[in-house]
Number of protein chains: 2
Amino acid sequence: MPDTLNHPRALRKDALENREAILAAAALVFRRDPESSLDAVATEAGLSRRAIYGHFASRDELLAELLVRGGARISAALADVHDPDPRVHLALVGAAMWGEVQQVRVLAQLAVHGPLEKTIAEALVPVRSSVRQAVRGGVAGGWFRSDIAAESVARLVEDAAIAVLDEAVRADLTEAEARRLVMSVGLSVAGLSWQDAAHVVDGIESSTVTEGPHA
Amino acid sequence: MPDTLNHPRALRKDALENREAILAAAALVFRRDPESSLDAVATEAGLSRRAIYGHFASRDELLAELLVRGGARISAALADVHDPDPRVHLALVGAAMWGEVQQVRVLAQLAVHGPLEKTIAEALVPVRSSVRQAVRGGVAGGWFRSDIAAESVARLVEDAAIAVLDEAVRADLTEAEARRLVMSVGLSVAGLSWQDAAHVVDGIESSTVTEGPHA
DNA sequence: ACTAACTTGCACACACCTGTGCAAGTTAGT
DNA sequence: ACTAACTTGCACAGGTGTGTGCAAGTTAGT
């Protein structure tokens with residue numbers, strides 16, 4: 001079994017590769033069904049179930065690693081999202097999330113079940129706070145809905161974003177379309193009419209003519 | 001075991017009560033986690049696991065019964081929802097769903113997993129078609145978003161409705177608030193600004209001053 | 001080409017869930 | 001109060017999943 005300890009001859013290259021393969025497979029499989037067996041993961045990774053236990057002590061340890069990575073990527077993607085206009089900010093958060101659909105989906109799927117909830121909530125903190133802040137600003141500016149608590153609006157925006165990500169995949173939308181939609185619907189839930197939302201999105205897209213790496 | 005067959009002395013009253021208790025417990029438990037064991041259901045119902053098999057031949061049969069009932073209630077709730085104005089219609093569908101939160105949540109939860117998907121899709125057909133029709137009309141009328149397929153909008157509206165139901169419970173909203181919100185957010189996703197949505201909702205609430213049984 | 005690192009396959013113990021059979025108990029209806 | 005209807009508790013078979021140990025095989029690095 002691969003060891004993280006110091007050795008006379010140290011780690012082997014393919015061990016690292018296999019570790020990555022396992023994580024990739026887990027992300028893929030758990031996105032479909034968070035309760036899939038390690039056997040399914042192993043098969044997807046092209047390894048034996050036994051081999052997984054060479055890299056991760058337990059199922060939960062594998063899960064934890066996935067969450068940490070996902071959280072990190074999302075944090076990174078959100079790090080350089082700043083805009084004085086809360087509407088633009090919110091839209092940009094949506095766009096950033098679309099860039100990390102896979103990660104987001106894994107987290108969202110896993111969020112439902114099990115005792116990992118704490119870890120997951122933690123991983124999604126950056127998204128939460130970013131959205132919440134934007135909602136507060138948007139309400140203050142008179143654009144967003146003020147008929148319910150900003151907290152609630154933020155959560156609804158998050159849920160809507162997840163739903164859009166699903167729908168984007170299901171309806172097989174273009175990268176561009178999906179980006180637009182995830183931004184637009186977030187703004188809709190926040191309170192804008194769809195035309196106003198589209199206007200904000202247009203503004204963003206024209207200002208960043210060529211840009212954006214996709215996952 | 002209780003028998004659905006004809007007998008010299010026929011069914012006993014408490015057997016029926018227990019059957020209902022099991023179904024109620026199942027609804028409660030499966031709403032939290034659709035993969036809960038029958039043991040959990042039995043405990044919740046205050047019966048033994050063995051007793052469940054007196055009323056239902058298998059886990060799936062219990063599930064099926066739940067789905068049928070939920071579908072029936074939802075259909076019934078939607079049966080008298082008609083309005084020439086698609087905006088009002090969509091809002092009313094939302095309100096009707098709020099009246100059947102429990103049922104809707106069970107179906108939505110169960111929809112994710114397992115081979116029951118067909119049955120569930122079937123049970124939710126009335127909601128689907130009602131929403132889809134309203135969306136089409138709203139787009140035609142120029143109120144709703146036309147930037148993506150009506151199909152997609154309909155699905156997003158449904159997902160948003162579910163999210164609102166959750167949030168309403170989580171944030172412990174009033175019946176009245178929840179009703180308003182589920183209507184309003186549906187309209188938001190469909191494309192209205194939150195003020196316009198509120199306006200539509202106001203119109204509905206003032207026209208139906210005292211009304212509506214809740215579940 | 002030699003050795004340590006890594007993978008595999010099989011075996012196992014343990015846990016949890018479903019579905020069934022049966023004897024013994026309790027409860028509803030007449 | 002008597003009997004059938006119903007529940008209970010236990011035991012069992014069969015399924016699936018996790019986590020571990022170990023011998024035998026393959027592969028990477030020196």
Side-chain angles (χ1 to χ4, degrees), chain A residues 1-26 29-30 32-66 109-110 112-116, chain B residues 1-26 29-30 32-66 109-110 112-116:
Chain A
M1 334 163 174
D3 248 321
T4 326
L5 302 167
N6 291 340
H7 275 122
R9 202 179 288 181
L11 293 178
R12 235 167 66 180
K13 190 183 64 187
D14 63 328
L16 262 296
E17 289 171 1
N18 285 339
R19 194 168 205 276
E20 295 307 313
I22 292 170
L23 284 164
V29 168
F30 288 146
R32 286 199 297 264
D33 177 8
E35 318 223 345
S36 298
S37 70
L38 292 189
D39 209 28
V41 174
T43 304
E44 178 65 39
L47 295 174
S48 69
R49 184 178 71 94
R50 192 64 187 75
I52 292 184
Y53 288 97
H55 294 278
F56 305 94
S58 71
R59 180 179 227 276
D60 280 4
E61 199 175 296
L62 171 55
L63 265 297
E65 175 82 24
L66 262 192
Q109 279 289 347
L110 261 28
V112 186
H113 305 281
L116 286 303
Chain B
M1 336 165 173
D3 245 324
T4 326
L5 300 168
N6 292 340
H7 275 123
R9 201 182 287 181
L11 293 179
R12 235 166 67 179
K13 191 182 62 186
D14 63 327
L16 261 297
E17 289 171 1
N18 286 338
R19 196 167 203 276
E20 294 307 312
I22 293 169
L23 283 165
V29 168
F30 288 146
R32 286 201 297 265
D33 178 7
E35 319 222 344
S36 298
S37 70
L38 292 190
D39 210 28
V41 174
T43 304
E44 177 67 38
L47 296 174
S48 69
R49 184 177 71 96
R50 192 62 186 78
I52 292 183
Y53 288 98
H55 295 277
F56 304 94
S58 70
R59 179 180 228 276
D60 280 5
E61 200 175 295
L62 171 55
L63 264 298
E65 176 81 25
L66 263 191
Q109 277 291 345
L110 260 29
V112 185
H113 304 279
L116 285 302

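The side-chain hydrogen bond (donor to acceptor under 3.5 Å, both in side chains) check on A/Asp39 picks up nothing, with sequence neighbours excluded.
B/Phe56 places its CZ atom 16 Å from the C1' atom of C/dT18, with the value rounded to the nearest Å. Rounded to whole angstrom, the span from the CD1 atom of B/Ile52 across to the C1' atom of C/dC17 amounts to 13 Å. Atom NZ of A/Lys13 and atom C1' of C/dA4 are 17 Å apart (whole Å). Look at CG on A/Asp39: it is 8 Å from P on D/dT18, rounded to the nearest Å. Atom CD in A/Glu35 sits about 15 Å away from atom P in C/dC16, given to the nearest Å. Distance A/Leu16 CG to D/dA28 C1': 13 Å, rounded to the nearest Å. Between the CD atom of A/Glu17 and the P atom of D/dA28 there is a distance of 9 Å, given to the nearest Å. Per the geometry, CZ belonging to A/Arg19 stands 17 Å off P belonging to C/dA5, to the nearest Å.
Scanning DNA chain D for stems, defined as runs of 3 or more consecutive Watson-Crick or G-U wobble pairs whose donor-acceptor distances all fall under 3.5 Å, gives the following ranges: C:1-30 with D:1-30.
Residues B/Leu62 and B/Leu23 form a side-chain contact, since some pair of their non-hydrogen atoms from C-beta on lies under 4.5 Å apart.
Position along DNA chain C of the nearest nucleotide to B/Arg59 versus B/Asp14 favours B/Arg59 as the more 5'-ward residue.
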Could you give me the CA-CA distance, side-chain angles and deciding distance for B/Ile22 and B/Val41, then say whether side-chain contact (heavy atoms from CB on, under 4.5 Å) is met? CA-CA 7 Å; B/Ile22 293 169; B/Val41 174; 4.3 Å; yes

Evaluate the criterion side-chain contact (heavy atoms from CB on, under 4.5 Å) for residue pair B/Glu65 and B/His55; output intermediate values, then yes/no. CA-CA 11 Å; B/Glu65 176 81 25; B/His55 295 277; over 6 Å; no

In 5'-to-3' order, the base (B), backbone-only (S) or no-contact (-) status of each nucleotide in nucleotides 8-13 of chain C, using a 4.0 angstrom heavy-atom cut-off, is BBB---

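Expressed to the nearest 0.5 Å, how far OG1 of B/Thr43 lies from CG of B/Leu38 amounts to 10.5 Å. If you take CD on A/Glu35 and CG on A/Leu110, they are separated by 9.5 Å, rounding to the nearest 0.5 Å.
Counting all heavy atoms, side chain and backbone alike, B/Gln109 lies closest to B/Phe30 at CB-O, 4.0 Å. Between B/Pro34 and B/Arg59, the shortest heavy-atom distance links the atoms O-NH1, 4.0 Å. Here the closest non-hydrogen pair linking B/Ala45 and B/Ala21 is CB-O, 3.8 Å.
Listed pair A/Asn18 / C/dT7 meets the phosphate criterion, a side-chain N or O lying under 4.0 Å from OP1 or OP2. For the pair B/His55 and D/dC6, the criterion of a side-chain N or O lying under 4.0 Å from OP1 or OP2 is not met.
Side-chain to base pairing of A/Arg12 with C/dA5: one donor and one acceptor N or O lie within less than 3.5 Å of each other.
Side-chain proximity of B/Tyr53 to the nucleotides C/dC6, C/dT20, D/dT18 is greatest for C/dT20. The B/Leu38 side chain lies nearest to C/dG19 when the options are C/dG19, D/dT18, C/dC6.
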